[in-house]
Amino acid sequence: MSNAVSALEKTSFEGFAKVSETGLRGMITLRGDLSSKPVKDAVIASTGAEVPDVRRMSRGSIGDVAWMSPDELLIVCDYRAANEVVTTLLAALDGAHALAVNVSDARAVFRIEGDGAREVLAKVAPVDLSTEGFQPDDFRRTRIAQVAAAFWMNSDDSFEVVCFRSVAQYVFDVLKVSAQEGGEVGFL
Amino acid sequence: MLTLQCPYCGVDAEETELHAEGEAHLKRFGPGSSDDEFETYLFMRENPKGVHFERWRHSNGCGKFFHAARSTTTLEVFGTYSAQTYEPPQDIKDKISAKYPGWSWRDFS
């Protein structure tokens, strides 16, 4: 098998917050009726996590599940486990009207950590990132500067950003500029 | 800046996260319709000064289409609602009536 590499091979930048590409990550798109029993059961069976509430992320033993839209979920798991999760999902769905695809290689993931992490994102995305407005396990699909992206907050107050692999360099550069020393706003 | 609440994900999305998709509540005239009907469907649009109903898409977000009722003069937003409907919900119509008694827009009033 070919040697899979992530978009920026774990490049990182340290400013007033640390921005780093996290390396390969398993990602699966699941579309279907999120309120139907087959879909709910299949999500639990394949990830150990429940179907999340609107704009939330739920955590499971095998994977985390994020709310993308009223009929779409994003499953985030280990890169090597992705194909197996899809297999379990499809088996559990057992012909129910839904779609699951491994999209890991189409995406890039960045982690932003440090005290200024909120600010790094707040400067480039039209989202309320105040402590009241954005909590751990909140998930938001939006844009970062000029491209579509999604991000969530972890319990350690770090953020993880997902974007298309084709714009990975652009997103990294934008986050890098936003995290530059001296660029602190000090508002959040 | 225009801020609309997406009825699907509940986000107060500002303009740059959305995409305008033209007039709301268009009725399609396709195969079998007359040339006049087809022309009207394709090209004839409302361009009101005041109450207007528009279709928007939460393009940098959940990706869903929804409808919005707003005033083109004051930019006041009366509300947003699901696109899976043939007419605006009553509560939005009531809100408009409170502000603009006797308003009308195509077949709605």
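For the numbers below, each heavy atom of this structure counts, side chains included, while hydrogens, waters and symmetry mates do not. Order of the sequence lines fixes the chain letters, A, B, ..., with proteins taken first and strands second; residue numbering starts at 1 for each chain.
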| note | Max heavy-atom pairs within cutoff under 4.5 Å with chain B, candidates Val54(A), Thr142(A), Asp71(A), goes to Thr142(A)
| If you measure only the distance, is there a donor-acceptor pair under 3.5 Å linking the side chains of His19(B) and Glu21(B)? | yes
| field | Interface residue of largest heavy-atom contact number with chain B, from Ala125(A), Ala150(A), Ala149(A), Pro126(A), under 4.5 Å | value | Pro126(A)
| Ring centre gap for Phe108(B) and His25(B) strictly below 6.0 Å | yes
| field | Contact origin within Arg55(A) toward chain B - heavy atom pairs under 4.5 Å | value | side chain
| said: Aromatic contact between Trp56(B) and Phe65(B), with the criterion being ring centroids under 6.0 Å apart: yes or no? | reply: no
| Tell me the side chain to side chain donor-acceptor pair (under 3.5 Å) pairs involving residues 161-178 of chain A, sequence neighbours left out? | Gln169(A)-Asp173(A)
